[in-house]
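Counting convention: from 1, in listed order, for ligands and their atoms alike.
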Amino acid sequence: MTTMESLIGLVNRIQRACTVLGDYGGGDNTFSSLWEALPSVAVVGGQSSGKSSVLESIVGRDFLPRGSGIVTRRPLVLQLHKTDEGTHEYAEFLHLSKRRFTDFAMVRKEIQDETDRVTGKSKMISPVPIHLSIYSPNVVNLTLIDLPGLTKVAVEGQPESIVEEIENMVRSYVEKPNSIILAISPANQDIATSDAIKLAREVDPAGERTFGVMTKLDLMDKGTNALDVIEGRAYRLQNPWVGVVNRSQADINKNTDMIVARRKEREYFATSPDYGHLANRMGSEYLAKLLSQHLESVIRARIPSITSLINKSIDELESEMDHLGRPIAVDAGAQLYTILELCRAFDRIFKEHLDGGRPGGDRIYGVFDNQLPAALRKLPFDRHLSMQNVRKVVSEADGYQPHLIAPEQGYRRLIEGSLNYFRGPAEASVDAVHFVLKELVRKSLAETQELRRFPSLQAEIAAAANEALDRFRDESKKSALRLVDMESSYLTVDFFRRLPQEVEPKTGNPGVKPGNPGGNPAANAAVDRYSEGHFRRIGSNVSSYVGMVSETLRISIPKAVVHCQVREAKTSLLNHFYIQIGKREGKQLGQLLDEDPALMERRLQCAKRLELYKEARDEIDSVSWVR
Ligand code: GDP
Ligand code: MG
């Protein structure tokens, strides 16, 4: 391939890829601006001036709907790709990317059908382009855009606004500085009335990117010619005018072959008394070459800006890919590895929350330092150890036989009854810490960036972690309650040893020596047995015992909770999950790594673009050095 072919082919491929990716026209992302940075040729002219015919001659194939009236009603973006000699010619539509057309009559039918699909079988127009690619060894690399013809009046069935609508649509294509304007004017009409020239002059006043094409030279009145225009005297453009002779309607009706038509055109110019001296600069084949050359020089001039645009796009895509996360592995081993990595990432963050570095762990200390002591203080011992209740409990415990020395049964019942109250704060501490841990799991999951891609895995980790926390809570509750139970199942002997001594001075019995519980308090006790003071004393004895136990539990409950819940959460939150995961099959692992479909799609698009742009960069690098 020559440099020229590969350069234009490269641009063509980029444009094609842009269209496949939906990056053309409109929008303000870099991808559509890349499309716009690349030159393309737009065919402009009045209705029936021969636009579609010129395009067909350039392609050398019959494939466009042609005729009188408004035939082209949607823009047709036609990309010609030159393929290697000897390869088969085929066409492909963007909207039917799986189908290769080798019969060009079918291409024409599909253009008509696809036009009707959007506009209905009316005479309405639509700015939504049809994208067609033709792969052939007989074409030059070019992107051409066939546009609806400019008109002066709306016909039956069209709204009045159609004249303006068509003009605006056409203008939107030709006003872009990278657009090359193929302005078609029929020779059997005064050039001064040419719609094509009028619009071209408006958007390209210097005539730098306009190519004037004169059609229907064969239809001019005998004795007249278009030399004034073709030789640039009537209307001056920077680029030379080209005259062409397309097939007449009669030729089309007779199905005149394109090869034959080209030959006839060549003969026409070669033998023409008017244009013979210009023969080698006339005709569709020359026009195709001229356009191709022009495109090459335009592209060459644009290479620096195209390259920098491509580099910018690559940078943007790379950072988007980083943001989206790289694609995941497909084999089970690698998937398991990925899952474990993700779990560890979560676990790390969770630990940071517990150990500090991230907030939240301090709330556990808050439970021990505030909530638990406050709950302990609020226990209703005043009521339970009130004189009345003490009397009631002691009397019930004594039964029909009042106690003689000390109301041992009464003490036990009062103490047991009191200690029972500790179950509440014990359980509440466990639940409060459980709540904090759950909250930390939720937070940590949300903070694990890597997991965002994998909603399924995230949900499973959440479920596994919460299930583990539930287990730890149950265990912790058992332990904390056991601490309470232990306090009530064996009362501290020392405490009771001291009891009679405390009783003694109040009973006013001087015969009893301190430290001698076996003394003889019976008589006094008997005396005081039913006095309020006696019960009040019992109450306050129990109360101080309970206070001692409360102090112990205030210290030991947090130990149980930390041991059973916090420490477990830190060391083995996901242990169960790891075991389960290890047993899973590849397919199930794959499901865990199911990503959000929208995200996968986006990554796929990104990856495709990235590949395209990198290829483009390499090609431009290699092409731009060859002269
Ligand atoms: P469009 O509306 O601008 O796309 O014009 P078409 O390409 O559909 O052509 C309109 C009519 O003019 C068709 O019947 C063509 O056969 C005829 N036509 C186009 N160019 C020429 C030409 O150079 N010579 C002759 N004799 N007829 C032509
Ligand atoms: Mg047309």
Give me the ring orientation class for Y90 and Y135: parallel if the planes are under 30° apart, tilted from 30 to 60°, perpendicular past 60°.
parallel
State whether a side-chain donor-acceptor pair under 3.5 Å links T256 with R247.
no
Kindly indicate whether a cation-pi arrangement holds for K264 with Y268, taking the cut-offs as under 6.0 Å to the six-membered ring centre and within 45° of the axis.
no
With sequence neighbours left out, the residues meeting salt bridge (Lys or Arg N to Asp or Glu O under 4.0 Å) with K198 are none
Answer with yes or no whether the side chains of S456 and Q591 bring together a donor and an acceptor at under 3.5 Å.
no
Strictly below 4.0 Å, N to O, side chains only: are E231 and R233 in salt-bridge contact?
yes
Can you find a side-chain donor-acceptor pair between E110 and H95 that sits under 3.5 Å?
yes
Partners of E114 by salt bridge (Lys or Arg N to Asp or Glu O under 4.0 Å), sequence neighbours excluded?
R74, R117
Listing residue and atom name, which protein N/O/S atoms are closer to the Mg ion (ligand 2) than 2.8 Å?
S52 OG, T72 OG1
List, ordered by chain and residue number, the protein residues whose closest non-hydrogen atom lies under 4.0 Å from any atom of ligand 1.
G46, S48, S49, G50, K51, S52, S53, R66, G67, K216, D218, L219, V245, N246, R247, S248, Q249, I252
In plain terms, say whether K109 and D113 are close enough for a salt bridge, that is, a side-chain N and a carboxylate O under 4.0 Å apart.
yes
